[in-house]
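Below you'll find the structure, written out as structure tokens, and then a few comments.
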Amino acid sequence: EPEVTQTPSHQVTQMGQEVILRCVPISNHLYFYWYRQILGQKVEFLVSFYNNEISEKSEIFDDQFSVERPDGSNFTLKIRSTKLEDSAMYFCASRKLGPSMGYTFGSGTRLTVV
Amino acid sequence: GQQVMQIPQYQHVQEGEDFTTYCNSSTTLSNIQWYKQRPGGHPVFLIQLVKSGEVKKQKRLTFQFGEAKKNSSLHITATQTTDVGTYFCAGANNAGNMLTFGGGTRLMVKP
């Protein structure tokens, strides 16, 4: 079964450093997303991306965050200057065209900011 | 903004007992989706409900969407240890481009 692939699985970074989380969505999917989950808490929406542009973003997704689809397969989330409160599991997800499709989530990147 | 509440937060059951989790949205939903997350894992899509009053079944799982499209439930009949995990409901906005997750119900099953 096709998978959404995320790398790295775990990233430790110092406060103030930039991090880039990488995702390879399923090849025939057209919508891409980033969600995050602070340990033991709910899954929170960050951003959705379609047709090479952001379609929706949450309040969490401020100027420190950016997304990019640099080529035909990768989808990245960049955090410019990490804060302690950015520590969380970050999930990439993708889905096919059409509103009635479930999301396929990747296995996540655990980001730890120290 | 849209809020999705889910109860209970935790549920311990004996294997073979039934389990239900309830989901309520502050606004009318375009659709509602259910996901299961095993401990240490990622959310896995279970089902989507779109129509008012819709009921769908997957083996021992029954999903309902309320008439007003603001609430939903998941019922598991005769739980098994493999059902262990956190069950999340997630409401979709009209464009379907944003899911608002409930807080999840963590199900623990005693053998």
Side-chain angles (χ1 to χ4, degrees), chain A residues 1-7 9-10 21 23 25-26 29-61 67 88-110, chain B residues 1-10 21 23-26 29-51 54 56 58 61 63 65 69 72 74 85-106 108:
Chain A
E1 188 164 325
E3 290 183 344
V4 173
T5 306
Q6 287 187 246
T7 55
S9 56
H10 192 186
L21 310 184
C23 170
I26 294 172
H29 285 190
L30 297 178
Y31 293 90
F32 314 119
Y33 306 87
W34 284 100
Y35 284 78
R36 78 174 186 189
Q37 185 177 33
I38 294 170
L39 187 65
Q41 298 187 24
K42 66 166 67 176
V43 179
E44 299 176 295
F45 170 75
L46 293 178
V47 66
S48 60
F49 193 86
Y50 171 70
N51 202 25
N52 285 317
E53 60 183 24
I54 290 173
S55 46
E56 304 225 27
K57 61 182 181 179
S58 72
E59 291 175 354
I60 302 169
F61 194 89
V67 289
M89 182 71 91
Y90 287 79
F91 291 109
C92 174
S94 68
R95 69 176 174 94
K96 289 182 181 178
L97 185 66
S100 301
M101 304 297 295
Y103 293 34
T104 303
F105 283 82
S107 298
T109 294
R110 178 167 298 285
Chain B
Q2 183 179 79
Q3 292 187 4
V4 177
M5 307 298 291
Q6 205 173 337
I7 57 169
Q9 269 191 296
Y10 304 94
T21 172
C23 183
N24 278 288
S25 169
S26 59
L29 299 168
S30 168
N31 66 71
I32 195 153
Q33 301 178 19
W34 286 90
Y35 290 80
K36 178 182 179 181
Q37 185 177 29
R38 292 186 185 277
H42 58 278
V44 174
F45 175 70
L46 294 176
I47 209 158
Q48 177 175 272
L49 304 170
V50 179
K51 298 177 187 172
E54 190 169 13
K56 286 189 177 180
Q58 285 180 350
L61 277 60
F63 304 84
F65 200 11
K69 298 183 74 174
S72 182
L74 158 60
T86 300
Y87 292 85
F88 290 97
C89 63
N93 65 350
N94 283 332
N97 283 333
M98 185 177 83
L99 289 181
T100 301
F101 278 76
T105 296
R106 185 176 171 194
M108 289 155 279

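As a basis for the values below, the full set of heavy atoms in this structure was taken, side chains included, without hydrogen atoms, waters or symmetry mates. To find a chain, count down the sequence lines: A is the first, B the second, and so on, and within it residues start at 1.
Neither the backbone nor the side chain of B:Gln6 comes within less than 4.5 Å of any heavy atom in chain A. With a 4.5 angstrom heavy-atom cutoff, A:Ser55 touches chain B only via side-chain atoms. Heavy atoms of B:Val4 lying under 4.5 Å from chain A belong exclusively to its backbone.
Top candidate by heavy-atom pairs under 4.5 Å with chain B, chosen from A:Glu44, A:Gln37, A:Met89, is A:Gln37. Comparing B:Gly102, B:Gly103, B:Gly40, B:Pro43 by heavy-atom pairs within less than 4.5 Å of chain A, the highest count is held by B:Pro43. Ranked by non-hydrogen atom pairs under 4.5 Å with chain B, the options A:Ser58, A:Ala93, A:Gly106 are led by A:Gly106.
A side-chain donor-acceptor contact under 3.5 Å links B:Lys69 to the backbone of B:Val50.
Environment of CD in B:Gln9: sparse, with no more than 12 heavy atoms of neighbouring residues, nucleotides or ligands closer than 6.0 Å.
Checked against the 6.0 Å centroid threshold, A:Tyr50 and A:Tyr31 count as a close aromatic pair.
Expressed to the nearest 0.5 Å, how far NE2 of A:His29 lies from CZ of A:Arg95 amounts to 10.0 Å.
The ring pair (Phe, Tyr, Trp, His ring centres under 6.0 Å) test with B:Phe101 singles out one residue from A:Phe91, A:Tyr35, A:Tyr33, and that residue is A:Tyr35.
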